[in-house]
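Comments concern the structure below.
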Amino acid sequence: MLTACPLPADPGGSPGPEVSRPAVPGSPVAWTLHGPRRCTGTWTGVTRRPCPAAAQIPADGTDAQCPACAAADRGRQIARDAALGDEGRQYLLYLAWFGAGLVKIGLTAADRGRDRLLEQAAITFTPLATGPYTPIRQAERLASAAGLATERVSSRAKINAWWHLSPPAERAAELTEARDRIAGQVTWPGRVRLLPCAVTDQAADFGLDQNPPGAYAEVTGFSDPAALDGQILIAAGRHLLLRTANGPLLADTRRAAGLIIRPAVRPTRPGGLSLTSRVPPREHDDHQPSLF
């Protein structure tokens with residue numbers, strides 16, 4: 001899912017309400033991207049609150065928030081374990097599979113359904129337990145500290161695994177085995193309710209039920225202006241792998257967040273992009289020297 005706020009009618013005004021559109025395999029992408037790049041504000045869980053200072057942020061990198069908005073964002077507070085107390089919502093503890101040996105434990109607000117798992121680009125997942133935020137976060141830490149699942153899988157490890165996905169039945173079995181091991185070994189905090197195993201496979205949602213191309217170029221930065229034009233082959237989490245006139249192109253949409261994006265007049269060729277050539281690994285490597 002791609003989200004954007006319409007540009008304000010007047011210079012210096014507030015952007016319009018956030019709108020979303022599906023990003024699915026086969027869909028076209030035709031954008032021109034312009035600076036300056038500005039902070040995307042904070043997500044309250046219900047709506048997006050614009051940055052009060054309309055702060056300009058660095059043109060490169062994947063962080064689209066200024067320091068003040070990043071500190072106030074509830075989602076980022078949860079991610080860095082800085083959220084204080086419960087806020088009345090129910091949370092879901094889940095186990096997600098990204099590739100052989102890449103099993104992650106995480107949490108999400110229960111009312112978000114599987115949105116968080118789609119954002120994470122989880123190939124397969126199952127719920128583990130439900131409850132208020134504080135005990136669910138405690139259960140997540142217990143499972144991680146016991147070495148039963150990691151709390152982080154790097155973007156590079158996720159992408160590398162696309163070329164070496166095991167068949168659906170095998171990944172479901174690996175995830176089920178990991179779930180049963182955690183369920184049997186963790187001492188669950190009070191107010192946490194264990195849920196039955198219910199494996200959901202999302203490979204087809206991302207386009208990963210088809211073989212990815214043998215090589216690709218990765219976008220590492222956007223100039224002002226830049227053009228991105230192609231057809232979506234894979235849409236997994238924040239990454240789009242496009243078929244373009246210049247060959248397969250992988251774009252991290254977080255690098256575009258905060259830029260002014262307008263529809264391009266098609267046909268065009270990608271331009272104004274900093275690129276790095278990539279060749280998929282020959283075999284899976286689950287070593288993660290860096291989490292991000």
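Numbers here are sequence positions counted from 1.
We find that R156 and E218 are joined by a salt bridge, their nearest charged nitrogen and carboxylate oxygen being less than 4.0 Å apart. Contact check on R137 versus E140 returns a salt bridge, with a Lys/Arg side-chain nitrogen under 4.0 Å from an Asp/Glu carboxylate oxygen.
Nearest heavy-atom pair across L275 and T220 is N-OG1, 4.0 Å. For L92 against L195, the heavy-atom pair with the smallest separation is CD1-CD1, 3.5 Å. Across A178 and V103, no two heavy atoms sit closer than the pair CB-CG1, 4.2 Å. The minimum heavy-atom distance between A149 and K104, with the atom names listed, is CB-C, 4.5 Å. Of all the heavy atoms in A55 and C66, the pair that sits closest is CB-CB, 3.9 Å. Across F206 and A236, no two heavy atoms sit closer than the pair CD2-CA, 3.7 Å.
No donor-acceptor distance shorter than 3.5 angstrom exists from the side chain of E151 to the backbone of R141, with no hydrogens or angles considered. Distance alone, capped at 3.5 Å, places no donor-acceptor pair between the S144 side chain and the T150 backbone. Judged by distance alone, the side chain of R238 and the main-chain N or O of T253 form no donor-acceptor pair under 3.5 Å.
Classified by interplanar angle (parallel below 30°, tilted 30° to 60°, perpendicular above 60°), the ring pair Y216/W163 is parallel.
Between C197 and T176, the closest side-chain pair of non-hydrogen atoms falls below 4.5 Å.
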